[in-house]
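Structure first, commentary second.
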Amino acid sequence: MLNFIKKAVISNLILVLLIFLAGCADNASDKKTSLQSPVIPAGDMLAMTPPMGWNSWNPFGKNVSEQVIKETADAFISSGLKDAGFNYIVIDDIWQGGRDTTSGLLYPDAKRFPSGIKALADYVHSKGLKFGIYSDAGTMTCGDQPASYGYEEKDAKLFAEWGVDYLKYDYCYCPDYASLNNDYKMAIARYKAMGDVLKATGRPIVFSICEWGPRSPWLWGKEVGGHLWRTSYDVGDKWDEPRNESSQIGILTSIDVMLNLERFAGPGRWNDPDMLVIGLNNSGFIKGGGCTNEEYRTQMSMWCMLAAPLMMGCDVRNMNDVTKTILLNKDIISIDQDSLGKQGFRVYRKDGLEVFKKPLTGNRIAIAFLNRNSSGKKETISFKEMELESDMIYSVYDVWTHANVKQPSGMLSTDLKSHECQVFVLSPVAK
Ligand code: GLA
């Protein structure tokens, strides 16, 4: 009997031990799986880096036409824009001719788009580029054209049939458009209505939310199917202007609005401070007075530091050399397109000089010095002040002169003209 009890205890112990070991092995293999073969998220892999392209609004507004779009696509190839990474060609507002009263289908303006939108999308695709269009979540677009409220499914299907790859979706004339209560729920419902039916088409379509920021789209944009969301009102061709009821904002204001939004950005989800005004030189549709070449260069630098979508807004068929040098700088573009997908953030601010930091792949860091002053600024700032490891040694590469620069250890020196932005990529060499 005693022997029997002993045997039973021992075999139970062995069983418990085996179960315990099996559990350990299971845990170990779990760990192995999660460490060695990361699960690739299924589904939406669009806009893994900030979208790059061109939009018709700034240069052409209501004068956009199929001829302009075709010539723009041609210019993407001939000027090297496609090679530099720009690929979406987006027609903004006022392409519409109306909505057919029988079928309920949107149709384009027959004079400016005589071949129809499908043929135009085919042309853009034939150049290896992607095609985008514009609509609005309200009853009319901002340019008073028929919009998608109540027609979401019909419009999404039509866009997919036309071969649309990108939809910019505005917020004018939504039920709460003019009210001051900034109804989050209304905006979420209207954008979800389009986000859901876009997804249901099965066509990969980048969904660009254009609510301008008052209802904090960074909080819900991804959830309703968005890949990018405007953070501000329209940026005009001007350096510094806060919003008032009758005007666009300047480049500086748009940068300021992006502050503290970095935690909402990442692959597939981008804060959008609006389009580039580089190369407009006070021409085209939106005007604003124009910026200096230095200010245009600063817009490019800061948009890239902020991991912003790079949607060009000038007539790329007629770019001057300065515009080309700015837009085609692959070094600054690679900061924007870095696959880590981090939005840069401000780490230093004193006497109109600001420093931004953007973590990059390979433990590299981009550092930008922005001079907001109307006079030059010379400064040496320690690594500590810029929230960098004090004892790290970096090689320092200037992305505008395309050369490594010598810097004192543990600090960076900068000598900036008025409104200039200098950008360095720091690569760790030793500690
Ligand atoms: C709004 C948008 C702009 C542009 C116009 C078109 O103002 O913010 O970017 O799309 O509408 O009407």
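When a ligand or atom number is given, it counts from 1 through the structure's own listing order. In what follows, residues are counted from 1 in the order of the sequence shown. The model shown is predicted, which means the values in this text are computed figures rather than measured ones.
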Check: Within less than 4.0 angstrom of ligand 1, does Asp170 place any heavy atom?
Finding: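 Distance cut 4.0 Å: Asp170 passes for ligand 1.
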Next item on the list: Return yes when Tyr233 approaches ligand 1 closer than 4.0 angstrom through a heavy atom, no otherwise.
Entry: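 No; Tyr233 lies far enough from ligand 1 that no heavy-atom distance drops under 4.0 Å.
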Margin query: Counting the benzene-type ring for Trp, do Tyr394 and Phe424 have ring centres under 6.0 Å apart?
Written below: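 Ring centres of Phe424 and Tyr394 not closer than 6.0 Å.
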Checklist line | Charged N-O contact under 4.0 Å between Glu420 and Arg297 | finding: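 A salt bridge is present here (some side-chain N lies under 4.0 Å from a carboxylate O).
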Check: So, are Glu152 and Arg190 salt-bridged, with charged N and O less than 4.0 Å apart?
Finding: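 Answer for the salt bridge query: yes.
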Notebook entry, point to check: For atom 5 (C) of ligand 1, what's the nearest protein heavy atom and its distance?
Noted result: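 Answer, as residue, atom name and distance: Trp57 CE2, 3.7 Å.
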Check: What residue and atom, counting heavy atoms only, is the protein's closest point to atom 12 (O) of ligand 1, and at what distance?
Finding: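 Going by distance alone, atom 12 (O) of ligand 1 is nearest to Asp93 OD2, 2.9 Å.
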Next item on the list: Compare all side-chain heavy atoms of Asp44 with those of His227 and state whether any distance is below 4.5 angstrom.
Entry: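 Yes, their side chains come closer than 4.5 Å.
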Checklist line | Residue that, paired with Trp162, satisfies ring-ring contact (aromatic ring centres under 6.0 Å, His included) out of Phe131, Tyr123, Trp95 | finding: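 Per the ring-ring contact (aromatic ring centres under 6.0 Å, His included) rule, the option paired with Trp162 is Trp95, out of Phe131, Tyr123, Trp95.
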Within the 4.0 Å heavy-atom shell around [X], which atoms of ligand 1 are there?
X	result
Arg230	8 (O), 9 (O)
Gly143	12 (O)
Cys210	2 (C), 8 (O)
Asp234	1 (C), 2 (C), 3 (C), 7 (O), 8 (O), 9 (O)
Lys168	3 (C), 4 (C), 9 (O), 10 (O)

Notebook entry, point to check: Quick one: which of Ile91, Val64, Val90, Ile94 gives a side-chain contact (heavy atoms from CB on, under 4.5 Å) with Trp57?
Noted result: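 With Trp57 as partner, Ile91, Val64, Val90, Ile94 yield a single side-chain contact (heavy atoms from CB on, under 4.5 Å), made by Ile94.
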Next item on the list: Test Met300 against every option in Asn329, Val423, Ile332, Thr325 by the side-chain contact (heavy atoms from CB on, under 4.5 Å) rule and name the one that passes.
Entry: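 Going through Asn329, Val423, Ile332, Thr325 one by one, the side-chain contact (heavy atoms from CB on, under 4.5 Å) with Met300 is satisfied by Ile332 alone.
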Margin query: As a check for students: among Asp144, Asn58, Val235, Asp92, identify the option with a heavy atom nearest to atom 4 (C) of ligand 1.
Written below: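 Minimum heavy-atom distance to atom 4 (C) of ligand 1 goes to Asp92.
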Margin query: Is there a polar contact between ligand 1 and Trp212, counting only N or O atoms under 3.5 Å apart?
Written below: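 Yes, since at least one N or O of Trp212 sits under 3.5 Å from an N or O of ligand 1.
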Margin query: As a test of understanding, state which of Arg317, Lys127, Lys82 forms a salt bridge (Lys or Arg N to Asp or Glu O under 4.0 Å) with Asp74.
Written below: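 Checked Arg317, Lys127, Lys82 against Asp74; only one passes salt bridge (Lys or Arg N to Asp or Glu O under 4.0 Å): Lys127.
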